[in-house]
Amino acid sequence: MNASLDILPLSSWINTEGKPLIIAGPCSAETEEQMLETATQIKEEGFAHVIRAGIWKPRTRPGSFEGMGEAALPWLQAVRKETGMPVAVEVANPQHIELALKYDVDILWIGARTTVNPFNVQELADALKGVDVPVLVKNPVNPDLQLWIGALERLNQAGVKKLGAIHRGFSNAQETKFRNSPMWNIAIELKTLLPELPIIGDPSHMAGKRAYLYELAQRALDLNYDGLIIESHREPDKAWSDASQQLTPAALGQMLHDLHVRKESYGSDYQSQLEVVRGKIDHLDRELLENLAARMSLVERLAEYKRDNNVAAYQVDRFREVLETRAGWGKSLNLYPNLVDELFKLVHMESIRKQTEVMNQVNV
Ligand code: PEP
Ligand code: MN
């Protein structure tokens with residue numbers, strides 16, 4: 001589906017002197033001192049353009065720290081005054097917008113758990129009619145590019161022209177190295193569809209652990225992202241939320257210093273097309289393996305049943321039937337017959353091995 005946005009370039013609302021936009025600050029505003037000290041240290045490091053802080057925190061489970069709310073907004077005013085830097089907060093409902101604007105917040109962002117809900121996003125868009133404030137939209141938690149684009153369109157149709165996207169990765173169904181899978185191909189597809197839209201990488205929420213921040217930030221820069229948003233706290237290990245992914249301002253300064261900003265253009269070039277296709281292939285391969293694993297657990301159930309009913313693991317008729325039906329399905333999908341045949345012989349062999357293993361287990 002085609003998409004188009006009527007937006008202003010990033011440089012029209014923030015001056016980064018041609019460098020990637022850097023937004024840094026704690027996951028959450030905790031106390032006035034924590035905010036002021038963290039922000040002052042970030043300013044001294046000299047790399048950041050904007051200070052971020054979460055005031056209303058969407059937590060997965062109740063009982064976690066849910067943010068200081070309105071009480072923290074005057075602290076951000078103090079940060080603005082002390083550092084002279086603009087501040088950004090997450091908003092999730094019209095009341096948040098009203099309060100943030102009342103306390104002079106410069107930039108708003110919409111969190112991943114809000115982008116998923118078009119009703120919610122529309123309410124925010126309606127509340128932003130006639131308001132001249134930049135808004136950054138995080139990707140939805142689920143890997144749905146249309147939902148991400150839809151949220152950007154809703155805001156744009158309400159007149160928000162200072163618009164950008166934040167790529168923070170997508171929820172994992174299984175345990176993986178990263179807290180949220182980057183699925184770079186989705187962000188690249190967004191950039192291909194909407195080349196004028198600034199994209200900011202959020203390696204903090206992708207990583208979940210500070211050890212992975214560098215590689216993710218570098219990857220975002222290699223893809224020519226327009227900026228990075230990274231969580232930084234004066235005492236990361238004592239942070240009230242997202243402690244393991246935060247860095248001290250000094251460590252963040254060092255990391256940003258070590259990153260390489262490359263010059264290649266990105267969008268419709270050859271490299272990014274490759275990236276899109278490879279990303280899709282990766283995704284499909286993972287699904288292939290997930291299906292294989294699901295098939296094996298059914299085989300295990302089958303084996304238990306056979307064991308309990310004293311039936312042999314291997315039944316030649318069933319094997320023949322499996323090969324024949326799969327050959328037919330493969331043919332209708334235009335797959336090379338040998339591929340399908342060899343594949344199911346392998347799958348069947350593994351299935352027999354697994355069943356024999358289960359059937360020989362002592363039934364306790
Ligand atoms: C955050 O930026 O602290 C946050 C809650 O992020 P996300 O919406 O990406 O989970
Ligand atoms: Mn966070």
Side-chain angles (χ1 to χ4, degrees), residues 21-30 34-35 38-39 42 48 50-62 64-69 72 76 87-93 96-97 100 105-117 120-121 124 134-144 147-148 151-152 155 164-172 178-184 186-187 190 199-210 212-213 216-217 220 225 227-249 252:
L21 168 67
I22 304 294
I23 304 174
C27 178
S28 303
E30 299 163 1
Q34 168 248 7
M35 268 322 302
T38 305
I42 288 172
V50 178
I51 301 289
R52 64 151 278 157
I55 304 293
W56 298 283
K57 301 303 299 178
R59 304 313 299 274
T60 304
R61 305 278 302 273
S64 312
F65 170 60
E66 292 190 331
M68 295 303 293
L76 293 189
V87 297
V89 303
E90 172 177 345
V91 290
N93 62 42
H96 293 165
I97 294 179
V105 168
D106 303 274
I107 299 169
L108 308 178
W109 86 79
I110 296 179
R113 291 163 195 76
T114 305
T115 310
V116 288
N117 185 339
N120 217 323
V121 173
L124 296 178
V135 183
L136 303 172
V137 182
K138 287 206 175 194
N139 65 255
V141 283
N142 52 321
D144 185 340
L147 206 49
W148 197 2
L152 290 157
L155 292 163
I166 298 178
H167 176 207
R168 52 80 81 192
F170 301 88
S171 267
N172 298 309
F178 299 126
R179 177 179 177 192
N180 289 291
S181 296
M183 303 191 184
W184 299 103
I186 294 180
L190 178 71
I199 298 195
I200 293 163
D202 177 350
S204 303
H205 292 89
M206 288 175 181
K209 289 201 180 75
R210 60 185 76 97
Y212 305 141
L213 291 173
L216 291 165
Y225 277 34
L228 297 169
I229 176 167
I230 307 186
E231 290 185 342
S232 179
H233 190 288
R234 62 173 175 175
E235 273 182 299
D237 289 332
K238 296 202 177 136
W240 298 359
S241 59
D242 289 351
S244 50
Q245 72 196 26
Q246 303 204 57
L247 286 175
T248 61
L252 179 54

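Hydrogens, waters and symmetry mates play no part in the numbers below; they use all other heavy atoms, side chains included. As the structure is a computational prediction, the values presented were derived from the model and not from experiment. In listed order, ligands and their atoms are each counted from 1.
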Tell me which N, O or S atom of E231 sits nearest to the Mn ion (ligand 2).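 E231's closest N, O or S atom to the Mn ion (ligand 2) is named OE2.
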N, O or S atom within H205 nearest to the Mn ion (ligand 2), by name: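 The atom in question is NE2.
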Under 4.0 Å from any heavy atom of [X], which atoms of ligand 1 are there?
X	result
K57	1 (C), 3 (O), 5 (C)
R52	1 (C), 2 (O), 3 (O)
R168	7 (P), 9 (O), 10 (O)
R113	7 (P), 8 (O), 10 (O)
E231	1 (C), 3 (O)

Return yes when G54 approaches ligand 1 closer than 4.0 angstrom through a heavy atom, no otherwise.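 For ligand 1, residue contact (heavy atoms, under 4.0 Å) with G54 is absent.
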Protein contact to atom 6 (O) of ligand 1 [nearest heavy atom, distance to 0.1 Å]: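 Its nearest protein heavy-atom neighbour is K138 NZ, 2.9 Å.
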For atom 5 (C) of ligand 1, what is the nearest protein heavy atom, given as residue, atom name and distance?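 Among all protein heavy atoms, the one nearest atom 5 (C) of ligand 1 is E90 OE1, 3.6 Å.
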Name of the residue among R210, R179, R52 meeting salt bridge (Lys or Arg N to Asp or Glu O under 4.0 Å) with D242: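 Passing option: R179.
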Find out whether E90 and K138 are in side-chain contact, i.e. whether some heavy atom of one side chain is under 4.5 Å from a heavy atom of the other.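 E90 does not reach K138 side chain to side chain.
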P26 vs Q246 side-chain heavy atoms within contact, under 4.5 Å: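 Of all side-chain heavy-atom pairs linking Q246 with P26, at least one is under 4.5 Å.
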Looking from the Mn ion (ligand 2), what is the angle between SG on C27 and OD2 on D242, to the nearest 10°?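 SG of C27, the Mn ion (ligand 2) and OD2 of D242 span an angle of about 100°.
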Only one of I230, I229, V87 passes side chain to side chain contact (heavy atoms under 4.5 Å, CB included) with I23; say which it is.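 Only match with I23 under side chain to side chain contact (heavy atoms under 4.5 Å, CB included): I229.
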